[in-house]
Amino acid sequence: MTNQAYHYSSQHNSNYQQHIERQQRLKAIEFSGEDDFKIKAYTKSELADMYGVHVNTLSKWIDRHLPAFEELGYTKTLKMLDPAMVRLFISIFSTP
């Protein structure tokens, strides 16, 4: 195996392992919210409206738990939270 092929193979294995670890973390997030709240992708504005706050306030709430959200791929410039991020948000802040 050439050095280049080995590098690709080890990088691929590392990415796969990170993917598996992320999936395990997502499964570990407990959701004990109300049954009528649908876990799906929401914009920050939609979530802010549900909670009755300005989008800047919602962003500050997320910033308090930034490392956990960043593990799920969150960046401060994102306008929409994917279902995994919404599940984390709800597990921290409860349902609206």
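The first residue in the sequence is number 1, and the count goes up from there.
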Enumerate, atom names and distances included, each donor-acceptor pair closer than 3.5 Å involving a side-chain atom of residues 57-67, sequence neighbours excluded.
{"from": "S59", "atom 1": "OG", "to": "V55", "atom 2": "O", "distance (Å)": "3.1"}

Requested in this report: Grab the two heavy atoms, one from L72 and one from D82, that are nearest each other, plus how far apart they are.
Outcome: O-OD2, 4.2 Å
Query - Where P83 and A41 come nearest, the two heavy atoms and their spacing - result: CG-N, 3.7 Å
**Report entry** From CD1 (I39) to CE (M85), nearest 0.5 Å
**Finding:** 13.5 Å
Query - Y42: side chain to side chain donor-acceptor pair (under 3.5 Å) partners, not counting sequence neighbours - result: none
Sequence neighbours left out, cut at 3.5 Å: what donor-acceptor pairs do the side chains of residues 44-54 make with other protein atoms?
{"from": "K44", "atom 1": "NZ", "to": "Y74", "atom 2": "OH", "distance (Å)": "3.0"}
{"from": "K44", "atom 1": "NZ", "to": "K76", "atom 2": "O", "distance (Å)": "3.3"}
{"from": "K44", "atom 1": "NZ", "to": "L78", "atom 2": "O", "distance (Å)": "3.2"}
{"from": "E46", "atom 1": "OE1", "to": "T43", "atom 2": "N", "distance (Å)": "2.8"}
{"from": "Y51", "atom 1": "OH", "to": "S94", "atom 2": "O", "distance (Å)": "2.4"}
{"from": "H54", "atom 1": "ND1", "to": "N56", "atom 2": "N", "distance (Å)": "2.9"}

